[in-house]
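Positions are given from 1 along the sequence.
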Amino acid sequence: IIGGAILFGALVQPALAAAPVDWSGCAVPVFGADKRAIIAACTAVLNRLDLIDADRVRALAARGRTFDMAGDADAAIRDLDQAIKLAPADAELRVRRGWVAYGLRQFDEAMGFARRALALDPQHQSAFTLLGAAASTTRKFAIGKASLDKAVEIKPADVVARLERFAFF
């Protein structure tokens, strides 16, 4: 105590300086990756007390995507929704969340996420793919075709957009 003020924060803060985050195990899985190991690594990152919001969003997004790929939609939704709250201007998070809704056959919700992503990034190719797939599945063919055409126009080599376009039109 100096002059009635406690200097705890000033004295301790340098000792608690954040160590670099080890991202080696917390990444979006590739085909055949050990999803449990990725989820555990991302959870370890998220358990850090010194994590800044950008790193928390990155870990939540990777873990949420991994949960989705592992078939745990509830956990994926929880992580992706939390990431969206921390980074509301991130269009990619909304697309990822929309694909979870699509996988649950919640096509109107998926289209809503795609539209919100496009409001944030009007050239987001994956958002057009999601919107096109969900609209086509719900027989909104004009929206579906226009969206998938736009997705292919933005990124002609994208396999998913081309397959969705081929499947419906």
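The line from CD of Gln123 to CD of Glu153 is 7.5 Å long, rounded to the nearest 0.5 Å. Here CZ of Phe113 is found 8.5 Å from CG of Leu80. Values are rounded to the nearest 0.5 Å. Atoms CD and CG, on Glu92 and Asp121 in that order, are 9.5 Å from each other to the nearest 0.5 Å. Atom-to-atom distance recorded for Leu130:CG and Gln125:CD is 11.0 Å, nearest 0.5 angstrom. From Trp23, atom CH2 reaches atom CZ of Arg58 across 4.5 Å, with rounding to the nearest 0.5 Å. Expressed to the nearest 0.5 Å, how far CG of Asp74 lies from CZ of Phe67 amounts to 10.5 Å.
Each of Leu60 and Ile39 belongs to its own hydrophobic cluster when Ile, Leu, Val, Met, Phe, Trp and Tyr are linked at side-chain heavy-atom distances under 4.5 angstrom. Leu46 and Ile84 fall within the same hydrophobic cluster, defined by Ile, Leu, Val, Met, Phe, Trp and Tyr side-chain heavy atoms under 4.5 Å apart, directly or through other members. Ile154 and Leu163 fall into different hydrophobic clusters, where Ile, Leu, Val, Met, Phe, Trp and Tyr are joined by side-chain heavy atoms under 4.5 Å apart, directly or via other members. Transitive grouping of hydrophobic side chains (ILVMFWY, heavy atoms separated by less than 4.5 Å) keeps Met69 and Tyr102 in distinct clusters. Residue Phe107 is grouped with residue Trp99 when hydrophobic side chains (ILVMFWY) are merged at heavy-atom distances under 4.5 angstrom, including chains of intermediate members.
Across all non-hydrogen atoms, the minimal contact from Ser126 to Val95 is CB-CG1, 3.9 Å. In this structure, Val45 and Cys26 approach most closely via the heavy-atom pair CG2-CB, 4.3 Å. When all heavy atoms are compared, the tightest approach of Gly64 to Ala76 is O-CB, 3.2 Å. Residues Leu148 and Ser136 come closest through the heavy atom pair CD1-OG, 4.1 Å. Closest heavy-atom contact between Thr66 and Ala27: OG1-O, 4.1 Å. Scanning both residues, Asp55 and Leu51, for their nearest heavy atoms gives CB-CD1, 3.5 Å.
By the 4.5 Å heavy-atom criterion applied to side chains, Arg139 and Phe141 are counted as neighbours.
If you run salt bridge (Lys or Arg N to Asp or Glu O under 4.0 Å) between Asp81 and each of Arg96, Arg94, Arg97, only Arg97 comes through.
Sorted by first and then second residue, the side-chain hydrogen bond (donor to acceptor under 3.5 Å, both in side chains) pairs involving residues 24-39 (not counting sequence neighbours) are Asp22-Ser24.
Legend: residues meeting salt bridge (Lys or Arg N to Asp or Glu O under 4.0 Å) with Lys85, ordered by chain and number and at least two apart, are absent. Listed by chain and number, the residues in a side-chain contact (heavy atoms from CB on, under 4.5 Å) with Ala135 are Met111, Lys140, Ile143 (sequence neighbours excluded).
Between the side chain of Arg162 and the backbone N or O of Ala157, no donor-acceptor pair lies under 3.5 Å. In this structure, the side chain of Arg56 does not engage the main chain of Ala83 through any donor-acceptor pair within 3.5 Å. A donor-acceptor distance shorter than 3.5 angstrom exists from the side chain of Asn47 to the backbone of Thr43, with no hydrogens or angles considered.
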